[in-house]
Structure formats: structure tokens, C-alpha cells
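Working notes, beginning with the structure itself.
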Amino acid sequence: MILKMNDKFVKPFIADHEYENIQPMVNVADRMLREQNGPGNDYLGWMTLPSDYDKEEFARIKDAAAKIQKNCDVFIVLGIGGSYLGSRAVIEFLKSQRYNVLKKDTPDIYFSGCNISPADMNELLELCEGKDVSINVISKSGTTTEPAVAFRVFRNLLEEKYGVDGARDHIFITTDRSRGTLKQFADQAGYETFVVPDDVGGRFSVLTAVGLLPIAVAGISIDELMQGADAARGDYINPSLAKNDCYRYAVTRIILYRKGKSTEILVNYENYATMFNEWWKQLYGESEGKDNRGIYPSSVIFSTDLHSLGQYIQEGRRNLFETVVTVNEGGSSLLIPDDPHNIDGLNFLSGMDLDYVNKTAMQGTLFAHMDGGVPNIVLELKDRTAFSLGYLIYFFELSCAMSGYLLGVNPFNQPGVESYKKNMFALLGKPGYEDRRAALEARM
């Protein structure tokens, strides 16, 4: 079993009949997903993507990754939100948070275009000095401010370094298949392009070229990643909550939400999962937070954050529940040495594997938080491999779609993210926004 939902630490908060009562609604939502006739049905391409993907483009992704590995020391991914979170999450989960300082035969990978910080941009430009650099620009339209500005900066760097013709071999574009500013520019400039599918939203796009090219550059098997996702797709066909842990997770969240548990904390006990937590937060926050509804997604890395947020989780407002992701076969082992003087009083740990101590800390925390009134859902992942991570990604995507429908929202749109953009454009003087600018300035 690749992934198992352990509900031992949530059972005291939910009765069996509550699952039985919601099963008919699950059946309806499942039919809407399978028959593609529910809200946002134009964005369900991710459901069949693990098996029904463009094999020719997949091969080109591998070829481009090999070329990038050969031709550069630094690979920079320019994108924001779903355009970078998925690939960064996978790279750090399977490799390390410290990927760039590891001994390896693949390029360092940095992410830009995900903020408007001049300090961050200048630091990255310094890191590129004296090195061969390639970039991957990821944008459906090419006009999103953060990655578009970053593209200007790094295109200028590459053209100064290699010349306009030489830079062409160092620029890779992931954008719309046939339209949009970036697609037109890429075709005119002769850059190699990959596709952001029309029927896959940004936060669901990690298993498209959006995520797969950077992941492949890091030396991770994208074949295994897709195979894992496809295995999950096959395992979660039956809508029965007794047989489908993916839907059971979605339903458990909704039942707890109806009981006033409005904040979900995703918990991991390994630093390599930090960016995976960030990917998960966008997936659920952008999918569910609409019409004054939705579970607020938060995250922690324990045991680190037990020393900062543990007090609040244990005894603060009881509007919380936790979802703990644990990797059963972590693949890393370290024995704790003995201290003849026992200065710290911890010789009872001598000879123990640090992984065992970490998992024991998890068990102790689960009991403490449950006793403190915080339900805990535990998701047990088999191991830290590309196959298992692909499985987990699909699990969360499908459960997110299900819980969105159960909440009564369209989980595939994001109308709210446009408001800040319009205000920013107006204040920066973009043509066509004069009336909005005047209205905003009157409020300042």
C-alpha cells in the first residue's frame, strides 16, 4: 500500500454515521468529476493526465533536461504560484532543501519571478556571475508581472553573455499552446516551447511541462512520478468511503469544518517537506477559499515548530485540526552516539536511530494534541520515492476537488486573485486603469 489514511486520532471527534450520512453527496460529486459536468469542468484535465499525456512532448522534456544539464551550471525557473511551487516541492522533497549545495552532476536550480524583491533579484544575479545559465519561463499569458519582469532581467543577462543567437539555446518557454503574448514572442525568437494545458489550472499543473521540466533537470525520474500518480488514479475509482481513503480524507475535512474546525494544519516531520507544504497550501487555499467559505490551510514542520506554535496548537482556540504526513521508509538513518559523561542526561537514547526518535516524537505529539481537543488525520506514505510522491500529489489533487464540491464552491477558479493585480496596475500607471487609480488615490 503506497498511502494509508490512519484515522485513530480523529475517531473521537467523528461518529461512523456521519460518514454514512455524507456518502450520497460524495456519490453525486464523484459523478460530476467523472462525467465532467460540475462547476469548473473545463479544468479537469489533471484527472486523466497521469496516463493521457502528450508522449511526444514528454520525450522533448527529457531531451531538453539533458541539454540543460550539459550546458549550464545554474538553471533558473521563472514563475509564480502553481508555475513554480510544484516543481520546487518535488525537487526538495526527493532531493533536499539543500539541493544546490549537494555534490551532484546536475545544475543548481533557483526560482525567481515569484516575488518583486530587488534584494532577491540582485542576489540571484550575483550567483550567476561567471557561470553558464539557462532559464525556464513559465507563464500562460506572459503578462503576469512578477515572472514577466524577471524574464526581462534574465533575458538581458543571457543576451549580453551569449549574444541574441546564443541566448536562444539557454531559454526555454512553458506557455499557452497557440496564443498569448509569450507564445508569440517565443515563436518569433525561436525559443523551444512547452505547453501549459488549457484544461489544467496552475495549482494542478505539477505533472505537466510546468513542473516536469525543472524536475527532470534535477535528475528525478519523471516516468516514476507519473507512474505513481497513475497508480493513485486507478486506486481511487470507487467512491465508497469504506474503500477510498482519498475521498475519506476529503469528507473528514468537511465534517470537521462543519463542527467549527476552520483551520487545517499540514504537519510534516522532515525539513525536505517544507515546500511541499507550500504547494499544498496553494492547492487547497485557492481551490476552497470562495463565497466566504473554506478551510484555512496552514502548515508546520515538527518538531521545530513545536517550540514556537506547539503551545497555541495544544491550548489555543479549538478551531484547528491537523493532517500529518509521515514517510514510513524515510531512507535516512543516524545512530545517536553514547556520551561517557552523560552531560545532557540523554544516554537512554544512545544507540537509537534518530528516525525512530523522530517518529516517537510524532506519536507523543499526536496523543497530546488529540487529548487537547485537536483532531489529527494521519497519512502514511510508503517511502520517499518519485513513485510514492506522484501518488501523494494525485491523492491531494483529487481529494481537493471532492472537498471543494462538498463545500459547494467551484474548486477550479480563482476570481479573487485578480483584485490586487488591478489595483497594482492602476497605482503603477498602466494605461486603461486611470479611473481605478483615481478612486484608489482618493482613499489613500
Are any side-chain N or O atoms of Asn358 and backbone N or O atoms of Tyr269, one a donor and one an acceptor, separated by less than 3.5 Å?
-> yes

Please tell me if the side chains of Asp176 and Leu182 come closer than 4.5 Å, counting only heavy atoms from C-beta onward.
-> no

Aromatic Phe151 / basic Arg155 pairing, under 6.0 angstrom, 45° off normal = yes

Does Glu286 reach the main-chain N or O of Arg203 with its side chain, forming a donor-acceptor pair under 3.5 Å?
-> no

Donor-acceptor under 3.5 Å (Gln314 side chain, Ala368 main chain) | yes

Residue Arg177 excluded, over 12 heavy atoms near CZ under 6.0 Å | no

For Arg60 and Asp54, run salt bridge (Lys or Arg N to Asp or Glu O under 4.0 Å): C-alpha distance rounded to whole Å, both residues' side-chain angles, the deciding distance at 0.1 Å, then the answer.
-> CA-CA 10 Å; Arg60 285 199 303 112; Asp54 186 333; over 6 Å; no

Nearest-0.5 Å distance that lies between atom CD1 in Ile76 and atom CD1 in Ile135 | 7.5 Å

With the side chain counted from C-beta on, respond yes when Val267 and Asn277 share a heavy-atom pair under 4.5 Å apart, and no when they do not.
-> no

Please answer whether the main-chain N or O of Lys140 pairs with a side-chain N or O of Thr175 as donor and acceptor at a distance below 3.5 Å.
-> yes

Within 45° of the axis and under 6.0 Å from the centre of the six-membered ring of Phe13, does NZ or CZ of Lys11 qualify?
-> no

Taking atom CG of Asn37 as the centre, report whether more than 12 heavy atoms of other residues, nucleotides or ligands fall under 6.0 Å from it.
-> yes

Centroid-to-centroid, Tyr391 to Tyr236, below 6.0 Å?
-> yes

Thr385 (side chain) donor-acceptor with Ser388 (main chain) under 3.5 angstrom = yes

Side chains of Leu78 and Tyr84: closer than 4.5 Å at any heavy-atom pair?
-> no

Salt bridge Arg233-Asp230, side-chain N to carboxylate O under 4.0 Å = yes

Can you tell if the side chain of Phe302 reaches within under 4.5 Å of the side chain of Val324, non-hydrogen atoms only?
-> no

Within-4.5 Å side-chain heavy-atom neighbours: Cys114 and Ile80 = yes

Any donor and acceptor pair, going by atom type alone, linking the side chain of Gln69 with main-chain N or O of Ala216 inside 3.5 Å?
-> yes

Value rounded to 0.5 Å, distance of OH in Tyr272 from CD in Glu92 | 12.5 Å

Would Asp187 and Lys183 pass as an ion pair if we require N to O under 4.0 Å?
-> yes

Between Arg293 and Gly408, is there a donor-acceptor pair closer than 3.5 Å when you use the side chain of the first and the backbone of the second?
-> yes

ring-ring contact (aromatic ring centres under 6.0 Å, His included), paired with Phe204, selected from Phe396, Phe412, Tyr43 | Phe412

Over 12 foreign heavy atoms within 6.0 Å of OH, Tyr296 | no

Any donor-acceptor pair under 3.5 Å linking the side chain of Gln282 with the backbone of Gly82?
-> yes

How close do Ser96 and Leu102 get, heavy atom to heavy atom, and via which atoms?
-> CB-CD1, 3.8 Å

Please say whether more than 12 non-hydrogen atoms of neighbouring residues, nucleotides or ligands are located less than 6.0 Å from NZ in Lys70.
-> no

Any side-chain heavy atom of Ser134 within less than 4.5 Å of one from Phe75?
-> yes

So do the side chains of Tyr19 and Ile255 get within less than 4.5 Å of each other, counting heavy atoms only?
-> yes

Do the non-hydrogen side-chain atoms of Pro197 and Tyr53 ever get within less than 4.5 Å of each other?
-> no

Donor-acceptor pair, Gln23 side chain versus Pro239 backbone, under 3.5 Å?
-> yes

For Glu270, does its backbone N or O pair with a side-chain atom of Asn268 as donor and acceptor, under 3.5 Å?
-> no

